[in-house]
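Please read these numbers as outputs of a predicted model, since none were measured by experiment.
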Amino acid sequence: MKHFMLALQFLTVLPVKISSDIKEADYGKSLLFFPLAGLIIGGLICAPLFVFAFLPAMVRAAGILILSVFITGALHLDGFADTCDGFYASRTKEEALRIMRDPHCGVMAVVGVVCLLLFEFALLTNLSVSILWKTLLLMYAFSRWAMAFACYGSVYPRSEGKAKFFIENAHFQDIACGGISVFLLFLLLGGLSGIMVFGLAFIFVILFKKYAQKKIGGLSGDTLGATGELAQASVLFFAFLIL
């Protein structure tokens, strides 16, 4: 239970309090529950969707994005913004890491977040409610598992940081079990088409992981957040094309 609560605490702003002491190894074990935490996020966003299904598609789409920001605290969106700044405003690993730690937003951060949200908004407005609720569950479960997957086999490029505990304590069995559960969820909700969405989104995540490792020599907390945001958008995009 402690590891599940730790996953919720890291991925959401839900009022979760862990009474017991947290050791570094606990961060790695919590990765098993990242897909479940993502599924809960998707469920919390889906619930109002059916109540307000009568609203225009654009209003629904805006509500989904706003609710997602409130539930997650925009933590990973902030990581995506920092990644945009660091990756596209520097030439060396050291410069990128320094820029990504800077609390100020640069032009690329603003442009990147606006483009990402516009992209998701456009896709959300073009999905019917019957497909939309399934897509939301899939995209949030997959994106959180993608973050766990990115941790495995990676190197933390800084000397300290909370993401370091996740990366250095990620174990294959936890990542694999989470991946199997997400795969089965895609199969259950999307059938063979769901498997295609899973496969294409997974390839996209692998490519971004390799790109980030090449850019800064590993994965930081910001790039893990970016992984989650991009994985989320990729599932939404491929679900729009296939489902």
Side-chain angles (χ1 to χ4, degrees), residues 2-13 16 18 22-42 72-84 86-87 93 96-97 100-101 138-183 185-186 198-199 201-235:
K2 176 176 69 173
H3 301 136
F4 169 61
M5 301 298 282
L6 182 58
L8 277 181
Q9 179 177 286
F10 181 71
L11 297 174
T12 72
V13 295
V16 177
I18 303 176
I22 302 176
K23 300 178 181 178
E24 289 189 12
D26 293 327
Y27 287 93
K29 293 178 181 178
S30 71
L31 294 174
L32 172 64
F33 299 97
F34 269 40
L36 179 57
L39 192 61
I40 291 174
I41 295 172
T72 62
L75 175 63
H76 307 120
L77 195 61
D78 177 68
F80 173 76
D82 289 338
T83 300
C84 289
F87 280 18
K93 166 188 171 181
L97 291 172
M100 289 162 68
R101 180 153 282 183
L138 294 176
M139 62 189 272
Y140 285 107
F142 177 85
S143 62
R144 273 52 191 176
W145 173 73
M147 295 173 65
F149 168 78
C151 288
Y152 179 71
S154 297
V155 176
Y156 191 71
R158 293 192 174 102
S159 59
E160 57 182 0
K162 184 176 288 187
K164 178 181 180 180
F165 302 140
F166 290 100
I167 292 173
E168 293 184 349
N169 293 281
H171 299 290
F172 174 78
Q173 61 268 28
D174 295 325
I175 309 303
C177 288
I180 292 172
S181 65
V182 173
F183 178 85
L185 181 65
F186 273 73
F198 177 90
F202 185 42
I203 292 173
F204 182 81
V205 169
I206 292 175
L207 292 176
F208 178 74
K209 178 181 178 180
K210 290 183 177 297
Y211 173 69
Q213 290 173 328
K214 181 179 179 181
K215 192 72 176 178
I216 60 173
L219 288 177
S220 65
D222 288 327
T223 52
L224 286 179
T227 299
E229 291 294 331
L230 292 173
Q232 188 172 295
S234 67
V235 171

Check side-chain contact (heavy atoms from CB on, under 4.5 Å) between [X] and all other residues, then give those that pass, not counting sequence neighbours.
{"X": "D174", "result": "L32, H171"}
{"X": "A25", "result": "N169"}
{"X": "L230", "result": "F80, F204, F208"}
{"X": "I206", "result": "F149, F202, K210"}

Minimal non-hydrogen separation, [X] against [Y], with atom names:
{"X": "P157", "Y": "I216", "answer": "CB-O, 3.5 Å"}
{"X": "Y156", "Y": "S220", "answer": "CE1-CA, 3.9 Å"}
{"X": "A201", "Y": "S234", "answer": "CB-OG, 3.6 Å"}
{"X": "L185", "Y": "A141", "answer": "CD2-CB, 3.9 Å"}
{"X": "P35", "Y": "W145", "answer": "CG-CB, 3.7 Å"}
{"X": "G217", "Y": "V155", "answer": "O-CB, 4.0 Å"}

Worksheet entry | Test side-chain hydrogen bond (donor to acceptor under 3.5 Å, both in side chains) applied to Q213 - qualifying residues, sequence neighbours left out |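 Q213 satisfies side-chain hydrogen bond (donor to acceptor under 3.5 Å, both in side chains) with S154 only.
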Item to complete: Report the residue from D78, L77, I41 that forms a side chain to side chain contact (heavy atoms under 4.5 Å, CB included) with T72.
Response: I41
Item to complete: Go through the steps to decide whether L219 and K209 satisfy the test side-chain contact (heavy atoms from CB on, under 4.5 Å), and finish with yes or no.
Response: CA-CA 8 Å; L219 288 177; K209 178 181 178 180; 4.1 Å; yes
Worksheet entry | Working for side-chain contact (heavy atoms from CB on, under 4.5 Å), residues R144 and V182 | CA-CA 10 Å; R144 273 52 191 176; V182 173; over 6 Å; no
May I ask you to test the [X]-[Y] pair for a side-chain heavy-atom distance under 4.5 Å?
{"X": "C151", "Y": "L224", "result": "yes"}
{"X": "K23", "Y": "K29", "result": "no"}
{"X": "M147", "Y": "L11", "result": "yes"}
{"X": "F34", "Y": "L31", "result": "yes"}
{"X": "M5", "Y": "K2", "result": "no"}
{"X": "F166", "Y": "Y27", "result": "yes"}

Nearest 0.5 Å please: distance from the [atom1] atom of [X] over to the [atom2] atom of [Y].
{"X": "D222", "Y": "C84", "atom1": "CG", "atom2": "SG", "result": "10.5 Å"}
{"X": "H3", "Y": "L8", "atom1": "NE2", "atom2": "CG", "result": "13.5 Å"}
{"X": "D26", "Y": "L6", "atom1": "CG", "atom2": "CG", "result": "7.0 Å"}

Worksheet item: Mind checking what makes ring-ring contact (aromatic ring centres under 6.0 Å, His included) contact with F183, not counting sequence neighbours?
Response: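 Partners of F183 under the ring-ring contact (aromatic ring centres under 6.0 Å, His included) test: F198.
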Exam field: side chain [X] to backbone [Y], donor-acceptor pair closer than 3.5 Å:
{"X": "K215", "Y": "F87", "result": "yes"}
{"X": "D82", "Y": "G79", "result": "no"}
{"X": "R158", "Y": "L97", "result": "yes"}

Discussion item. In terms of relative ring orientation, are F142 and F186 parallel, tilted or perpendicular, with 30° and 60° separating the classes?
Written reply: perpendicular
